[in-house]
Protein chains: 2
Amino acid sequence: MTGRAAAGAGPRPKTPLLPGEIRRPALPAGRDRRAGEIIAAARRILESEGPEALTMRRVAGELGIQAPSLYKHFPGKAAVEAELIVSAMTEIGEMTHRAIHRPRPYSRLMALLRTYRQYGLANAALYRLATQGSLARDLLPPGLEEWAGNPWSVVTGDQALVQALWSFAHGMVILEIDGRYPPGSDLNLTWRAGGAAFERHAALE
Amino acid sequence: MTGRAAAGAGPRPKTPLLPGEIRRPALPAGRDRRAGEIIAAARRILESEGPEALTMRRVAGELGIQAPSLYKHFPGKAAVEAELIVSAMTEIGEMTHRAIHRPRPYSRLMALLRTYRQYGLANAALYRLATQGSLARDLLPPGLEEWAGNPWSVVTGDQALVQALWSFAHGMVILEIDGRYPPGSDLNLTWRAGGAAFERHAALE
DNA sequence: CCTCTATGGCTAACATCGTTAGCTCAAGTA
DNA sequence: TACTTGAGCTAACGATGTTAGCCATAGAGG
């Protein structure tokens with residue numbers, strides 16, 4: 001429900017790139033209108049009723065049609081899910097790129113972490129879908145994955161530290177979504193502690 | 001296939017506890033023999049053929065019986081999976097407790113990370129099962145989860161840092177299992193970098 | 001204006017999944 | 001000997017993803 005960020009209105013003025021930042025790859029043209037309605041319905045269902053409710057019959061029902069008709073627009077459920085994953089990665093990429101440009105009261109690294117967490121929690125089911133299990137990279141627009149992960153590189157010089165930081169962030173988000181922390185944990189504190197550890201370490205190169 | 005660690009032979013001599021360490025809770029007595037065979041078969045299938053192969057019919061077939069017969073021993077598939085999760089948590093707990101006792105060439109924190117990673121990779125499908133999605137805590141022996149997570153507390157004083165460290169480790173393992181890192185990444189380096197960041201931060205309290 | 005074709009619906013059906021109901025048969029046990 | 005219990009069986013149900021094949025409608029070409 002937080003999403004919808006991708007539907008930009010016209011070519012906005014290109015802000016200058018930060019050192020190491022890359023520009024978003026051109027996304028392939030959108031599919032036909034009905035396909036768009038299908039993934040919108042799928043997303044609505046996923047987020048409001050959870051992953052087990054995301055069935056082809058349920059999605060079709062949302063549009064007032066029968067399940068087999070969906071196959072006129074998508075080759076299978078996996079393709080619908082792939083499209084959802086593309087949405088998620090696009091939105092995360094946009095939000096995190098924006099975050100490192102305008103970190104405001106925080107350091108860039110902390111702003112990135114906060115934004116990432118916020119997106120994950122606000123789109124929990126979608127985040128989980130996009131993030132767990134092995135990724136069907138062949139169904140993704142080329143360059144998207146790299147671009148979405150780019151802010152992490154911008155914020156931290158070293159490749160190893162980039163991956164470590166992202167792993168930390170992902171672990172935090174997914175464990176929080178799944179309710180794995182002991183009840184009553186102050187996760188704000190945990191984010192701060194982890195962020196501080198990486199920040200300090202990055203400063204010492 | 002690495003597992004099998006839980007089947008201890010006799011009460012081994014109790015090693016003294018580290019500061020902050022807790023003793024393993026008494027596990028409820030094992031179920032009947034057939035139930036044991038069922039979860040053993042389930043584990044074999046899970047690890048050798050992946051999660052989608054773990055069906056009730058497949059498990060039953062492995063034992064030469066029909067699927068509905070499984071329900072004489074378990075109330076449902078969720079119960080079988082819960083038992084697998086208990087195995088995983090028990091084994092992880094044992095290995096990590098051992099690791100912080102005998103870190104040998106590493107610091108305790110690094111030894112813990114190495115052991116955790118090693119278990120996760122050696123039992124990838126099981127680790128995923130035990131770790132993703134929301135946990136049915138009511139099907140777990142009381143105290144098990146806390147005991148399994150205890151080594152992380154022993155190694156790091158601060159509660160927030162404990163959770164941050166564990167999140168990092170889990171993120172690393174699950175992303176490595178799912179093949180999410182760019183191909184060719186040197187993950188040994190990443191583990192070292194993250195571990196160093198936390199170690200340094202912990203040292204400065 | 002007629003025809004032809006592509007689009008996007010539809011129903012029927014299949015295999016697989018978890019699961020339930022109800023039967024049977026052997027092994028103890030009173 | 002009769003009765004209960006344990007542990008298997010078959011048949012079946014409902015849900016899932018998916019395929020096959022039919023039909024109507026809209027637009028293009030003659």
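Below, chains carry the letters A, B, ... as their sequence lines are ordered, and counting in each starts from 1. Treat the numbers as computed from the prediction; the structure is a model and nothing was measured.
- Whole-Å rounding puts the B:I38 CD1 to C:dG18 P distance at 14 Å.
- The distance from atom CD1 of B:I65 to atom C1' of D:dT10 is 14 Å, rounded to the nearest whole Å.
- Under a 4.0 Å N-O distance rule, the pair A:E47/A:R43 does not qualify as a salt bridge.
- Among the heavy atoms of the strands lying under 4.0 Å from B:T55 are primed sugar atoms or P, OP1, OP2 only; no base atom is included.
- Across the protein-nucleic acid pair, A:Y71 atom OH and D:dA20 atom C1' stand 13 Å apart, rounded to whole Å.
- In terms of phosphate contacts, B:H73 brings a side-chain nitrogen or oxygen within less than 4.0 Å of OP1 or OP2 of D:dG8.
- Here C:dG18 is the nucleotide among D:dG17, C:dC10, C:dG18 with the atom lying nearest to any side-chain atom of B:K77.
- Taking atom CD of A:E52 as the reference point, atom C1' of C:dG18 lies 15 Å away to the nearest angstrom.
- With rounding to whole Å, A:Q66 atom CD is found 15 Å from D:dC22 atom C1'.
- Distance from the side chain of B:A67 is smallest for C:dT19 among the nucleotides C:dT19, C:dC10, D:dG8.
- A:F74 places its CZ atom 16 Å from the C1' atom of D:dG17, with the value rounded to the nearest Å.
- For A:K72 against C:dG9, a side-chain-to-base donor-acceptor contact under 3.5 Å is present.
- When the C1' atom of C:dG8 is taken as reference, atom CG of A:L63 falls 13 Å away, rounded to whole Å.
- Among the atoms of the strands shown, base atoms are found under 4.0 Å from some heavy atom of B:R57.
- Dashed line: the shortest gap from a side-chain N or O of A:R58 to OP1 or OP2 of D:dA15 is not under 4.0 Å.
- Listed pair B:S69 / D:dC9 meets the phosphate criterion, a side-chain N or O lying under 4.0 Å from OP1 or OP2.
- A:F168 and A:W191 have their aromatic ring centers within a separation under 6.0 angstrom.
- For residues 64-79 of chain A, the side-chain hydrogen bond (donor to acceptor under 3.5 Å, both in side chains) pairs, not counting sequence neighbours, are A:D32-A:H73.
- A:L70 comes within contact range of no nucleotide atom at all, as no heavy-atom separation falls under 4.0 Å.
- Across D:dT19, C:dG8, C:dG9, the shortest atom-to-atom separation from the side chain of A:D32 is found for C:dG8.
- Among the atoms of the strands shown, only primed sugar atoms or phosphate atoms (P, OP1, OP2) are found under 4.0 Å from some heavy atom of B:L54.
- Taking the six-membered ring for Trp and the full ring otherwise, A:H170 and A:Y127 have centroids separated by under 6.0 Å.
- Looking at B:Y181 and B:E176, their side chains never bring a donor and an acceptor atom within 3.5 Å of each other.
- Protein atom CE of B:M56 is 14 Å distant from nucleotide atom P of D:dC9, rounded to whole Å.
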